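Scope of the values below: all heavy atoms of this structure, side chains included, with no hydrogens, waters or symmetry mates. What you see is a predicted model; the values in this text were computed from it and never measured. Numbers restart at 1 for each chain; the letters A, B, ... are given by sequence-line order, proteins then strands.
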Protein chains: 2
Amino acid sequence: MSSDARAHGDGVSFGPIAIPGAQVFYETSQTFALVNLKPVVPGHVLVCPRRSTPKFTDLSDEEISDLWRTVAVIQRALEREHDTSSSTLAIQDGPLAGQTVPHVHVHVLPRRVGDFARNDDVYDDLERWNADGSKALDDDRPPRSAEEMRAEADALRALF
Amino acid sequence: MSSDARAHGDGVSFGPIAIPGAQVFYETSQTFALVNLKPVVPGHVLVCPRRSTPKFTDLSDEEISDLWRTVAVIQRALEREHDTSSSTLAIQDGPLAGQTVPHVHVHVLPRRVGDFARNDDVYDDLERWNADGSKALDDDRPPRSAEEMRAEADALRALF
């Protein structure tokens with residue numbers, strides 16, 4: 001699907017959440033990538049299998065391959081865009097690992113010098129982050145506006 | 001290669017570190033898995049492409065597929081063994097993301113109720129963890145003995 005088609009698409013299902021097409025910036029037959037309501041660092045995006053299932057271990061070999069090949073494509077573009085050669089890649093696979101949306105999602109976070117006081121404070125912020133915004137009251141990061149997310153997705157879509 | 005052959009193999013290269021075959025518990029043509037000198041939780045293992053390269057984005061599509069399909073195989077076995085259905089999966093891809101050994105490695109950590117006071121304290125421990133033991137002075141976890149690591153690898157090898 002072309003970027004233009006995607007920009008006007010019907011969106012995707014991310015667990016129980018309907019994600020507008022305007023927030024989806026990359027798609028393959030089995031994978032999609034979306035911008036965040038509350039990114040932990042600039043460029044923090046999520047890459048997901050199209051099929052909504054909670055566990056990485058539920059995915060087929062084909063889904064696994066497509067998911068992680070897509071992560072590499074997106075990571076390369078994000079590192080160029082954010083002028084870095086380091087990224088954190090993580091799946092919180094199950095509730096005891098901090099998963100809040102029951103749909104496999106790879107966190108891709110371009111890392112920069114000094115982005116966190118201690119390197120892995122990034123993960124504390126992942127913990128507080130919640131895709132559906134339900135932890136907003138516990139969190140001093142305000143959710144972004146739909147317009148801001150659309151603009152970021154448009155900019156990311158143009159990288160591919 | 002059979003488990004028996006592997007148990008008596010010549011080991012693998014993990015960046016600049018020579019890993020004895022006795023610490024490698026699973027291998028495919030393009031991927032190997034090893035036990036840890038300083039596991040953050042019981043069952044914390046590393047899954048690596050056979051080719052020693054620092055960046056996930058350096059891997060070929062075939063290496064990516066084999067790496068992550070192997071992660072799923074190992075994760076399923078570890079979750080059964082540790083009686084959980086949650087795992088943390090992470091790559092610290094580059095020095096600014098906390099990578100200490102310049103060879104792609106997926107951390108696989110079976111998670112249990114109460115294993116960390118805060119769920120994502122697990123990542124603080126990943127940060128202190130260092131495959132070659134060079135941060136031992138900053139770390140209150142003593143490195144494990146070769147015998148202990150061999151015994152764990154033997155037990156893991158028997159799961160497959």
Side-chain angles (χ1 to χ4, degrees), chain A residues 41 54-80 82 84-100 104 106-116 118-129, chain B residues 41 54-80 82 84-100 104 106-116 118-129:
Chain A
V41 294
K55 286 284 292 175
F56 178 67
T57 47
D58 290 338
L59 300 181
S60 70
D61 281 355
E62 290 66 30
E63 287 171 319
I64 289 173
S65 292
D66 198 71
L67 177 68
W68 281 98
R69 290 175 181 189
T70 303
V71 167
V73 168
I74 290 170
Q75 183 188 349
R76 283 186 204 104
L78 285 173
E79 291 187 356
R80 274 196 304 273
H82 291 273
T84 184
S85 57
S86 290
S87 295
T88 297
L89 309 176
I91 298 180
Q92 299 164 303
D93 204 44
L96 297 180
Q99 185 184 47
T100 52
V104 175
V106 181
H107 294 273
V108 181
L109 299 92
R111 298 297 303 273
R112 302 293 298 271
V113 173
D115 54 5
F116 288 89
R118 294 176 307 160
N119 187 291
D120 280 2
D121 282 352
V122 63
Y123 295 105
D124 293 328
D125 269 12
L126 274 189
E127 168 73 352
R128 288 192 289 270
W129 176 89
Chain B
V41 294
K55 285 285 292 175
F56 178 67
T57 46
D58 291 339
L59 300 182
S60 70
D61 281 355
E62 291 66 30
E63 288 170 319
I64 289 172
S65 291
D66 197 71
L67 177 69
W68 281 98
R69 290 174 182 189
T70 302
V71 167
V73 168
I74 290 170
Q75 182 188 349
R76 283 186 204 105
L78 286 173
E79 290 187 356
R80 276 196 303 273
H82 290 273
T84 184
S85 56
S86 290
S87 295
T88 297
L89 308 176
I91 297 181
Q92 299 163 305
D93 205 44
L96 297 180
Q99 184 184 47
T100 52
V104 175
V106 180
H107 293 274
V108 181
L109 298 94
R111 299 297 303 273
R112 302 294 297 273
V113 173
D115 55 5
F116 288 89
R118 293 176 308 161
N119 187 290
D120 281 3
D121 282 352
V122 64
Y123 295 105
D124 293 328
D125 269 12
L126 273 189
E127 168 75 350
R128 289 192 288 270
W129 175 88

Next item on the list: Counting only heavy atoms closer than 4.5 Å, note whether B:Thr84 contacts chain A via side chain, backbone, both or neither.
Entry: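 Only the side chain of B:Thr84 comes within 4.5 Å of chain A.
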Note to self: Need one label for B:Leu59: side chain, backbone, both or neither, based on atoms under 4.5 Å from any heavy atom in chain A.
What the structure shows: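 Just the backbone, heavy atoms under 4.5 Å.
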Next item on the list: Would you indicate whether the side-chain heavy atoms of B:Phe56 and B:Ile64 approach each other to under 4.5 Å?
Entry: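 In contact.
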Notebook entry, point to check: Between A:Gln92 (side chain) and A:Gln99 (backbone), is there a donor-acceptor pair under 3.5 Å?
Noted result: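 Absent.
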Next item on the list: Answer yes or no: is there a donor N or O on one side and an acceptor on the other, between the side chain of B:Arg111 and the main chain of B:Ser86, under 3.5 Å?
Entry: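 Side chain of B:Arg111 to backbone of B:Ser86, a donor-acceptor pair under 3.5 Å: no, none is there.
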Notebook entry, point to check: If you tally heavy-atom pairs under 4.5 Å against chain B, which of A:Pro110, A:Pro54, A:Ser87 wins?
Noted result: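 Highest number of pairs under 4.5 Å: A:Ser87.
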Notebook entry, point to check: Between the side chains of A:Arg76 and B:Thr57, does any donor sit under 3.5 Å from an acceptor?
Noted result: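 Side-chain D/A pair, A:Arg76 to B:Thr57: absent.
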